[in-house]
Protein chains: 2
Amino acid sequence: MRHATFRQLEIFEAIARHLSFTRAAETLHLTQPTVSMQMKKLADSVGEPLVHQTGKRIELTETGQALAVAARDIFTVLERFEDDMAARRGLRRGRLRLAAVTTASYFAPRLLGEFARRHPGIEVSLRVCNREQLIASLNEHLDELYILGTPPEDAALVARPFMENPLVAIAAPDHPLAGRHRIGLAELAEQPWLLRESGSGTRKAVEKLFAQRGITIHPRLELGSNEAIKQAVLAGLGISALSKQALDLHPTGQFAILDAEDCPVRRHWFIARPAGAPHSAAASAFERFLLDSRPTAGTTL
Amino acid sequence: MRHATFRQLEIFEAIARHLSFTRAAETLHLTQPTVSMQMKKLADSVGEPLVHQTGKRIELTETGQALAVAARDIFTVLERFEDDMAARRGLRRGRLRLAAVTTASYFAPRLLGEFARRHPGIEVSLRVCNREQLIASLNEHLDELYILGTPPEDAALVARPFMENPLVAIAAPDHPLAGRHRIGLAELAEQPWLLRESGSGTRKAVEKLFAQRGITIHPRLELGSNEAIKQAVLAGLGISALSKQALDLHPTGQFAILDAEDCPVRRHWFIARPAGAPHSAAASAFERFLLDSRPTAGTTL
DNA sequence: CCATTTCATAGAGAAAAGTCTATGCACTAT
DNA sequence: ATAGTGCATAGACTTTTCTCTATGAAATGG
């Protein structure tokens, strides 16, 4: 391991991202054989194979996965050092790689905007994906900070709640349930439901709501985005439940918020980072920003 | 920075530890000119000088300090990766570098023993120094975890309390104050005090106790260890205050515990790590061990 | 089953990394 | 002031890194 070079880690990280030697070579402006050669050397100094070729496809071995994590951590450390140096020269700068689940994109930009205003030198990037992908990214240390609903129990992460995230049941305004009071969960479950894809946090929350009563709901339609769900609800295709934030930009009355049992469901948004991973000053600043500027509800994980 | 090598960082880290090129060369089995040469290259790729020679002495520039931190972080990441690989091969192993303030050495070994028993593969090392040195180490990322009394406000660290740490005032059993009830702080302050060196956490705690009442105490003797203080107290040279744990191994009655105002002072032991630094699985395990196995009192920082 | 895609191997050359010995220079301590 | 300590510089050598072009081999997908 002592004979590995930064360059090799850089190349390997590109491979891990693209899962392709050729693609990695392109992005780094190298030829493919160069990449192959370097990876051979890297695997030699690690002492174990890093990738596993099955036909055309390439996949990382477990060791490869771990090495990709280490490589990203090392680059985070180096970036932190360089930010530090820049700060000493008076240039306040930094980069913050952030990932958020789809639904968070309804409020995250406003937060980012305010943060960017207060920290002009910091360059913020936001990647949006669904909960499942986000947790995979987190385990791979792809980004520094992650915004998500309830964090998973099993993952190695540090998560803190920073904002309310109520889940509300909605229907079209002319739906028979609209205006009804204290709708029972059993009755609600009989409705045709419109749900996000599995892997979505919102879907998990809906399923959990009913699972507490031993009810399993069967979606009538499975839709890949909150916007698609809203369209379908307005088209009278069924009812659904969404994070309240997803409705913020709509005039009251456009959707009927159902007064059902246990609704709205009380949840929170969490800011998380992988346990044990290094993080930049910019990341610390953003965490502090979230936890200070918003009234936090609930306690630390 | 892309042209730096791991080797160069390794050499630089040795220099940062020894503050000497020659000494670094010796520990790495290199000649001194080799070290000089490598450092020149490293400084070139960083773009700024890393050390500053004033006569015989050498000191790190600010950039050098930051680079030493980065280098240690990188080695922590690599070690973590190697532990990970070993774990996958069935060898559960790992290293945990721990630092603790002097007074913690009265109970830390027992904790470490229990931890080592539960995690046989993990190699634990404990460095002992006073509070001031410990905080310096923490800022330099010299170790992964730190056990100390009340953590400083200004340092970039994550600290959590895991154990009570009462401060008790003591005197020789035949001291006039022994057996007296509710001794006033003013009267206590008039006694000849035996204090630890400045830079000690225990000393700071004593000073703070009196400072709350606007009293400044002047030590009659300044002693470099808790053991020396105990000896002096028994010799009738004065009174002092120590962490209760420092008295654990002594039979009751050997020292008189004074029933003074605000005593015992309620404090806690904290487990801390530098913010933003990577840490190994072993370190996470130790943190969890401390926080789970002991009844924690108080809340997160 | 053939064209295409993808990674591996071979051979080769320039650059750099990494180390040494020998020596010079600057400051310190006695 | 003189010896000693500690880093810098010069010159030289070997090894490794890093990259290329050209070509081979394996698997896939229409």
Side-chain angles (χ1 to χ4, degrees), chain A residues 1-61 63-65 67-68 71 74-75 78, chain B residues 1-61 63-65 67-68 71 74-75 78:
Chain A
M1 195 59 226
R2 272 294 105 92
H3 297 249
T5 67
F6 283 116
R7 183 60 166 160
Q8 285 166 358
L9 289 185
E10 198 176 359
I11 297 176
F12 181 66
E13 205 282 326
I15 289 176
R17 260 206 333 275
H18 295 106
L19 290 179
S20 154
F21 282 40
T22 310
R23 222 53 39 76
E26 278 166 17
T27 51
L28 296 172
H29 305 289
L30 292 173
T31 60
Q32 166 266 312
T34 300
V35 170
S36 286
M37 170 66 66
Q38 292 302 329
M39 285 309 97
K40 191 182 185 142
K41 281 187 189 164
L42 183 58
D44 269 5
S45 46
V46 167
E48 287 180 25
L50 303 173
V51 297
H52 180 249
Q53 193 176 3
T54 46
K56 270 175 142 151
R57 275 239 146 42
I58 202 184
E59 39 183 56
L60 300 187
T61 61
T63 303
Q65 305 255 12
L67 185 61
I74 285 174
F75 292 129
L78 286 180
Chain B
M1 193 63 225
R2 271 294 107 86
H3 296 251
T5 67
F6 284 114
R7 183 60 167 159
Q8 285 165 359
L9 289 186
E10 198 175 358
I11 295 175
F12 180 67
E13 204 282 326
I15 289 175
R17 261 207 330 276
H18 296 105
L19 290 178
S20 154
F21 282 41
T22 311
R23 223 52 41 75
E26 278 166 16
T27 51
L28 296 172
H29 305 290
L30 293 173
T31 61
Q32 167 266 311
T34 300
V35 169
S36 287
M37 169 65 65
Q38 292 302 329
M39 285 310 95
K40 192 180 185 145
K41 281 187 189 165
L42 183 58
D44 269 5
S45 45
V46 167
E48 287 180 24
L50 305 173
V51 296
H52 181 249
Q53 193 176 3
T54 45
K56 264 175 145 152
R57 275 240 146 40
I58 202 183
E59 39 182 58
L60 301 187
T61 61
T63 303
Q65 305 255 11
L67 185 61
I74 286 174
F75 292 129
L78 286 180

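We name chains A, B, ... by the order of the sequence lines, and we start the count at 1 in each one. Computed from a predicted structure; not experimentally measured. Quick note: numbers below take in every heavy atom, side chains included, and nothing from hydrogens, waters or symmetry partners.
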Without decimals, in angstroms, what is the distance between [X] [atom1] and [N] [atom2]?
| X | N | atom1 | atom2 | value |
| --- | --- | --- | --- | --- |
| B/I11 | C/dG18 | CD1 | C1' | 8 Å |
| A/M39 | D/dT17 | CE | C1' | 13 Å |
| B/E59 | D/dG6 | CD | P | 16 Å |
| A/H52 | C/dC7 | NE2 | P | 14 Å |
| A/D44 | D/dC18 | CG | P | 14 Å |
| B/F12 | D/dC7 | CZ | P | 13 Å |
| B/L50 | D/dA8 | CG | P | 11 Å |
| B/L60 | D/dC7 | CG | P | 12 Å |

Heavy atoms only: give me the nearest [X]-[Y] pair and the separation to one decimal.
| X | Y | answer |
| --- | --- | --- |
| A/V51 | A/F21 | CG2-CZ, 4.0 Å |
| B/L9 | A/F6 | CD1-CZ, 3.7 Å |
| A/L28 | A/R7 | O-NH2, 4.4 Å |

* Asked: Think B/K40 has a side-chain N or O under 4.0 angstrom from the OP1 or OP2 of D/dT9?
  -> yes

* Asked: Between B/T5 and C/dG18, does any side-chain N or O lie under 4.0 Å from OP1 or OP2?
  ->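 Looking at the OP1 and OP2 atoms of C/dG18, one of them is under 4.0 Å from a side-chain N or O of B/T5.
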
* **Bend angle of the helix from C/dC1-D/dG30 to C/dT30-D/dA1, end axes from five pairs each (to 10°)** =>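 Here the local axes at opposite ends form an angle of 40°.
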
Check the interface with nucleotides 25-30 of chain D: list each N/O to N/O pair with the protein under 3.5 Å, or write none.
none

* To do: Enumerate the residues from residues 15-23 of chain A whose closest heavy atom to DNA chain D is under 4.0 Å, giving them by residue number; use none for an empty result.
  =>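 Under 4.0 Å from DNA chain D: no residue of residues 15-23 of chain A.
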
* Asked: Where the side chain of B/I58 is concerned, which of D/dC7, C/dC7, C/dT19 is the nearest nucleotide?
  -> D/dC7

* Asked: Nearest of C/dT9, C/dG18, D/dT19 to any side-chain atom of B/K41?
  -> C/dG18

* With a non-hydrogen cut-off below 4.0 angstrom, is A/Q38 in contact with a base, only sugar-phosphate, or nothing? ->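 Here A/Q38 touches the bases of the nucleic acid.
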
* Spell out, as yes or no, whether a donor-acceptor pair under 3.5 Å connects the side chain of B/T61 to the backbone of B/P49. => yes

Name every donor-acceptor pair, under 3.5 Å, that has one atom in a side chain of residues 34-44 of chain A and the other anywhere in the protein, sequence neighbours excluded.
| unit_1 | atom_1 | unit_2 | atom_2 | d |
| --- | --- | --- | --- | --- |
| A/T34 | OG1 | A/T31 | OG1 | 2.8 |
| A/S36 | OG | A/Q32 | NE2 | 3.1 |
| A/Q38 | OE1 | A/Q8 | NE2 | 3.1 |

* Asked: Rounded to the nearest 0.5 Å, what separation is found between the CG atom of A/L50 and the CG atom of A/L60?
  ->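 One gets 8.0 Å once the value is rounded to the nearest 0.5 Å.
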
* Sorted by first residue and then second, give each side chain to side chain donor-acceptor pair (under 3.5 Å) pair with at least one member in residues 16-28 of chain A; sequence neighbours left out. =>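 Pairs touching residues 16-28 of chain A that pass the test: A/E13-A/R17.
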
Got a list of protein N/O to nucleotides 20-23 of chain D N/O distances below 3.5 Å?
| unit_1 | atom_1 | unit_2 | atom_2 | d |
| --- | --- | --- | --- | --- |
| D/dC20 | OP2 | A/T31 | N | 3.0 |
| D/dC20 | OP2 | A/T31 | OG1 | 2.9 |
| D/dC20 | OP2 | A/T34 | OG1 | 2.6 |

